[in-house]
Amino acid sequence: MNDGTSGRTPGTGEPMKGLPSDELPPVSGPLTGTPEVRADVAGAEVTGADVPGPPRQNVFIKDLLRGSAVTTILAIVAAMVVGGILMAITDEEVRAASVYFFSRPGDTFAAVWSAVYGGYEALFRGAVFNARVADFAAQIRPLTNTLGFAAPLIAAGLGVALAFRVGLFNIGGRGQILIACATAALVTFNLDLPMILQLPLTLAAGIAGGAIWGGIVGVLKARTGAHEVILTIMLNYVAFYLVTWMVRSPALLQRPAGDQPISSPTPPNAQFPDLFGPRFPLLDWGFILAIAATVFVWWLIERSSLGFRLRAVGENPHAARASGISVQRMYIYAMLFAGGLAGLAGMNQIQGAVTTGFDGYIDAGIGFDAITVALLGRSRAWGVFVAGLLFGALKAGSFTMQASQGIPVDIVLVVQSLIVLFIAAPPLVRTIFFLPKTDAEKAAKARAKAAKKAVSA
């Protein structure tokens, strides 16, 4: 095989002589793009299509890395990293050590570590466990504070998430919370009933008030086709100025014998009892109601026939209508449930956290934070529950960060915003952490490359 000039010896790169090119053995395999042809023990040909695929564990790992759970966790990690950078940049010791960085770089790195570690250690100490105190009750009080802050976020987040599943963007949580508080105060604050009656009556009145305010959006959306975003934004303003007027009117909600625009305190018989006693003042029965609301929303969406119809409308309203589902009715139901859940969040405020009276700012930003919680929870009931716990921990720990480390509370708000940013851009998270792309992303990239080639051709 040293006479010819056609071909080369496979694998060596040396010229293969003596055989014309049409008589050379075929070259195949995964590197050539040609299915490999080989003979089995019986002499039959076996092609590359029969080659076994990748191991099952490899496929599992790839699917796991592509999943939303890993993306969510890494989004939180990325937001924490950026938050740490902001802590380091704003720390005075870091700025002082950076002046002589090139002469003594170790001082700068030590100052950065001290700032970031001190900040997140204070966050953990204020949100989960404080090991610096000897009393066990005082050690776990931060955890109970987290649960207390999380309860209204979970309830309002469930309302936003439920509307998301039906294809509605409910950003009217603030107005629904305000109207719920006003309704409960108007209906039950002047009653002098035993706790066994007044507490559930106040709770029911608040939930009903929020449901009615949300139901208005559902009816207008169903009957007129008006966009729910515009409706909820406008109704937020209506609710705010309406409640502000109410707490300025002595005949309505203003505290008797007072000149301040604030309502009367919540009657003791209408307040949630502490769950574990007065040593944990921020944790009351409102958190139990938040757990019950999570179970209810999970059952409603995932297990009930009404939930199936709601999800069908959210997936494709045209197909749902063609199958006999009343899309307009589902919109009304969805906003009724969403408003009622926001009303539960309002009751967590006036029956638990703020019992000394309220005004137009009783929502404390919960109505808008609920959108973030719902997005982080992927609009799933238990995902919203976990997201609410996370944001409750950030809120509880931010006060300790500011008190012990001098870190502004705004840093925590930046971290929350970054979490939403990364959650809303999964391809960005996968690019940062070098995760495998999904099939949809690969297809989109292939289409873009093909279109670019077509234009250049």
Side-chain angles (χ1 to χ4, degrees), residues 154-183 205-243 293 296-302 304-346 363 365-375 377-381 384 420 424:
I154 292 170
L158 289 171
V160 177
L162 190 149
F164 280 164
R165 298 294 296 272
V166 192
L168 299 175
F169 193 12
N170 175 30
I171 57 176
R174 183 188 186 190
Q176 293 151 18
I177 290 173
L178 289 173
I179 294 300
C181 295
T183 303
I207 293 175
I212 292 171
W213 201 250
I216 294 174
V217 177
V219 171
L220 292 176
K221 170 77 173 178
R223 300 302 182 189
T224 67
H227 202 286
E228 70 277 3
V229 172
I230 303 299
L231 294 173
T232 49
I233 289 175
M234 293 299 101
L235 286 177
N236 281 343
Y237 284 105
V238 172
F240 173 74
Y241 289 112
L242 180 61
V243 172
F296 169 74
V297 172
W298 170 81
W299 173 84
L300 174 67
I301 295 297
E302 306 295 342
S304 69
S305 59
L306 176 59
F308 173 80
R309 296 196 294 272
L310 292 170
R311 286 187 285 116
V313 172
E315 291 292 336
N316 192 327
H318 303 292
R321 184 179 291 109
S323 64
I325 298 174
S326 175
V327 176
Q328 289 79 9
R329 188 178 300 171
M330 293 304 107
Y331 285 154
I332 296 174
Y333 286 161
M335 290 308 301
L336 283 171
F337 284 123
L341 290 165
L344 176 60
D363 68 293
I366 293 171
F368 290 107
D369 288 343
I371 302 173
T372 308
V373 171
L375 289 173
R378 304 286 182 177
S379 299
R380 299 300 190 271
V384 171
V420 178

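The first residue in the sequence is number 1, and the count goes up from there.
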> Please walk me through it: do Ile233 and Ile171 pass side-chain contact (heavy atoms from CB on, under 4.5 Å)?
Replying inline: CA-CA 7 Å; Ile233 289 175; Ile171 57 176; 3.4 Å; yes
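- Applying the side chain to side chain donor-acceptor pair (under 3.5 Å) rule to pairs touching residues 232-242 yields nothing, sequence neighbours excluded.
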>> Assess the residue pair Phe169 and Ile371 against the criterion (side-chain contact (heavy atoms from CB on, under 4.5 Å)); give the C-alpha distance rounded to whole Å, side-chain angles, the decisive distance to 0.1 Å, and a yes or no.
In response: CA-CA 9 Å; Phe169 193 12; Ile371 302 173; 4.1 Å; yes
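- Looking at residues two or more places apart in sequence or on another chain, you find a salt bridge (Lys or Arg N to Asp or Glu O under 4.0 Å) between Glu302 and Arg165.
- Of all heavy-atom pairs between Asn170 and Gly159, the closest is ND2-O, 4.2 Å.
- Note: Leu162 CG to Leu336 CG = 10.5 Å, rounded to the nearest 0.5 Å.
- Atom OG of residue Ser304 and atom CG of residue Leu310 lie 7.0 Å apart, to the nearest 0.5 angstrom.
- The minimum heavy-atom distance between Ala156 and Ile366, with the atom names listed, is CB-CG2, 4.0 Å.
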> Given the rule in the side-chain contact (heavy atoms from CB on, under 4.5 Å) test, do Gln328 and Val219 qualify, once you have shown the distances and angles that lead to the verdict?
Replying inline: CA-CA 8 Å; Gln328 289 79 9; Val219 171; over 6 Å; no
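- The cationic atom of Arg174 (NZ for Lys, CZ for Arg) lies less than 6.0 Å from the six-membered ring centre of Phe240 and within 45° of the ring axis.
- Between Gly157 and Val373, the shortest heavy-atom distance links the atoms CA-CG1, 4.4 Å.
- A 6.0 Å sphere centred on OH of Tyr333 holds no more than 12 heavy atoms belonging to other residues, nucleotides or ligands.
- In terms of heavy atoms, Pro317 sits closest to Val327 at O-CG2, 3.5 Å.
- Across Arg311 and Ile301, no two heavy atoms sit closer than the pair NE-O, 2.7 Å.
- Judged as a side-chain hydrogen bond (donor to acceptor under 3.5 Å, both in side chains), and not counting sequence neighbours, Arg380 has no contacts.
- Residues passing the side chain to side chain contact (heavy atoms under 4.5 Å, CB included) test with Ala293 are Leu158, Leu341, Leu344, sequence neighbours excluded.
- Counting only residues at least two apart or on different chains, the salt bridge (Lys or Arg N to Asp or Glu O under 4.0 Å) pairs with a member in residues 221-238 are Lys221-Glu228.
- Taken from CE in Met335 to CG in Leu231, the straight-line distance is 8.5 Å, to the nearest 0.5 Å.
- For the pair Leu306 and Leu300, the minimum side-chain heavy-atom distance is below 4.5 Å.
- Nearest approach of Ala180 to Gly343, heavy atoms of both residues: CB-CA, 3.5 Å.
- For the salt bridge (Lys or Arg N to Asp or Glu O under 4.0 Å) condition, no pair includes a residue of residues 316-334, sequence neighbours left out.
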> Do Ile332 and Phe337 pass the side-chain contact (heavy atoms from CB on, under 4.5 Å) test, and can you show the C-alpha distance, the side-chain angles, and the key distance before you say yes or no?
Replying inline: CA-CA 9 Å; Ile332 296 174; Phe337 284 123; over 6 Å; no
